[in-house]
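Report on the structure given below.
Fair warning: this is a prediction, and the values are worked out from it, not measured in the lab.
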Amino acid sequence: MALGDGIRRNIASVDPGERNLLRDAFLKMNAPKWDGTRNDTVPGGVTWWFKQDEIHKITHVHGGAEFLPWHREVVNRCEDQLRVIDPRLSLHYWDWTEDPRSIPNANLGNGLTGPLSLFTPDFMGHGGADLKPIGHPWDAAGYYDPQAIPFRSDNSFDPNNNPADKPQAVRRQVNGSPVSQNRDDDVVAAEDYADMTALLEDSHNEMHGFVNMGGQHISFRDPFVFLLHSNVDRLFALWQTQPSHPKRLVPDHVYGTLGADPELNGNVEPWSSGRTVNEVTGQEHFIRPWCEPERLGIPKTYKDPSIITPRRYDTNLAPLP
């Protein structure tokens with residue numbers, strides 16, 4: 001395997017040096033900021049890192065046909081920003097059939113293999129059974145500040161929810177068991193998108209319980225969420241690239257019996273216009289820079305080729321259009 005070849009791999013299989021580069025790029029994402037200030041009508045001054053939390057917390061795309069393609073867009077955009085920091089990087093995945101606290105036969109560097117924990121102070125931070133702050137190296141990089149005033153609350157209805165503010169803590173606990181390989185196999189073997197996405201979202205939900213990142217609405221403050229969601233996208237990609245089903249790479253066919261779903265034929269937000277309506281609360285929100293004043297939104301639907309065509313994984317290396 002070659003650093004910079006654009007392939008997303010099992011995070012345990014890459015060289016420790018590459019894992020460190022990925023960690024360092026995540027840390028650096030909390031420094032650059034989008035335009036504006038926290039006191040603007042639509043808050044600005046949000047770091048690249050916490051912009052993802054702002055988007056996920058407000059938009060809340062779960063439990064529907066657009067769950068997989070919407071999260072593909074989030075993962076792809078995160079990878080693009082990581083590559084601004086270091087063009088050699090890919091957003092690797094956690095294979096959730098393996099316990100992230102002790103992954104067997106992992107790449108330990110210098111030709112050595114053995115058990116690997118992803119939860120160390122040198123990589124993902126805290127991974128114990130108690131819900132605690134994720135600790136080093138994320139605290140030093142300002143992912144949270146116990147003394148932050150004002151601070152970004154965990155409660156969606158709390159007025160302290162300016163996305164330019166740091167949370168006082170980013171907590172995690174790991175307590176449970178991996179997904180069985182049979183369940184991943186069932187995802188890939190599903191005949192229709194509707195069945196596949198239901199099975200895959202069920203596993204996703206369970207793994208958010210196994211690696212608890214403080215709850216669904218705030219999980220995108222935790223860097224581990226991207227290793228989890230890269231794996232969600234990997235399985236979606238693996239389902240799409242089965243040689244016997246070429247139409248799964250065709251926009252008008254990939255969604256099967258759900259192809260006429262109005263959500264899938266609507267714009268992908270907030271990147272199309274910057275306006276979102278929370279599916280749970282019904283509240284309207286605007287997110288920069290896709291809304292005013294920058295107006296960088298470019299309308300596209302869930303059938304856009306940039307969403308339908310998966311990025312490259314070590315488990316789906318067949319040529320893609």
State yes or no: are the ring centers of [X] and [Y] separated by less than 6.0 Å?
| X | Y | answer |
| --- | --- | --- |
| Trp94 | Phe224 | yes |
| Tyr143 | Trp49 | yes |
| Phe50 | Phe220 | no |
| His62 | His71 | yes |

Using the side-chain hydrogen bond (donor to acceptor under 3.5 Å, both in side chains) definition, which of the options Asp145, Asn161, Asp165 pairs with Arg152?
Asn161

Cut-off 3.5 Å, side chains only: do Asp233 and Ser230 have a donor facing an acceptor?
no

Could you check whether Arg312 and Ser90, counting side-chain N and O atoms only, form a donor-acceptor pair closer than 3.5 Å?
no

I want to check something: taking the side chain as every heavy atom from C-beta on, are Leu68 and Val232 in contact at a cut-off of under 4.5 Å?
yes

Close side-chain approach of Leu22 to Ile11, heavy-atom, < 4.5 Å
yes

Closest approach of Asn76 to Ser306 (non-hydrogen atoms, all atoms of both residues)
ND2-O, 4.1 Å

Taking all heavy atoms of Ile307 and all of Arg72, pick out the closest pair and write down the distance.
O-NH1, 2.8 Å

Go through it in stages, so that I can follow the logic: the residues are Phe67 and His204, the test is side chain to side chain contact (heavy atoms under 4.5 Å, CB included), and I'd like the CA-CA distance, side-chain angles, deciding distance and then a yes or no.
CA-CA 11 Å; Phe67 167 74; His204 156 271; 3.7 Å; yes

One thing to verify: whether [Y] and [X] come together as a salt bridge, which I'm taking to mean a side-chain N less than 4.0 angstrom from a carboxylate O.
| X | Y | value |
| --- | --- | --- |
| Asp314 | Arg8 | no |
| Lys300 | Glu73 | yes |
| Arg171 | Asp130 | no |

Per the salt bridge (Lys or Arg N to Asp or Glu O under 4.0 Å) rule, what does the pair list look like for residues 177-186, sequence neighbours excluded?
Arg183-Glu206

List for me each residue that meets side-chain hydrogen bond (donor to acceptor under 3.5 Å, both in side chains) alongside Asp192, sequence neighbours excluded, and say none if there are none.
Thr257

When you measure from the side chain of Asp154 to the backbone of Gly215, do you find a donor-acceptor pair of N or O atoms at a distance under 3.5 Å?
no

Report the C-alpha separation of His229 and His208 in whole Å, then their side-chain angles, then the decisive distance to 0.1 Å, and conclude whether the ring pair (Phe, Tyr, Trp, His ring centres under 6.0 Å) test is met.
CA-CA 10 Å; His229 271 279; His208 264 286; 5.6 Å; yes

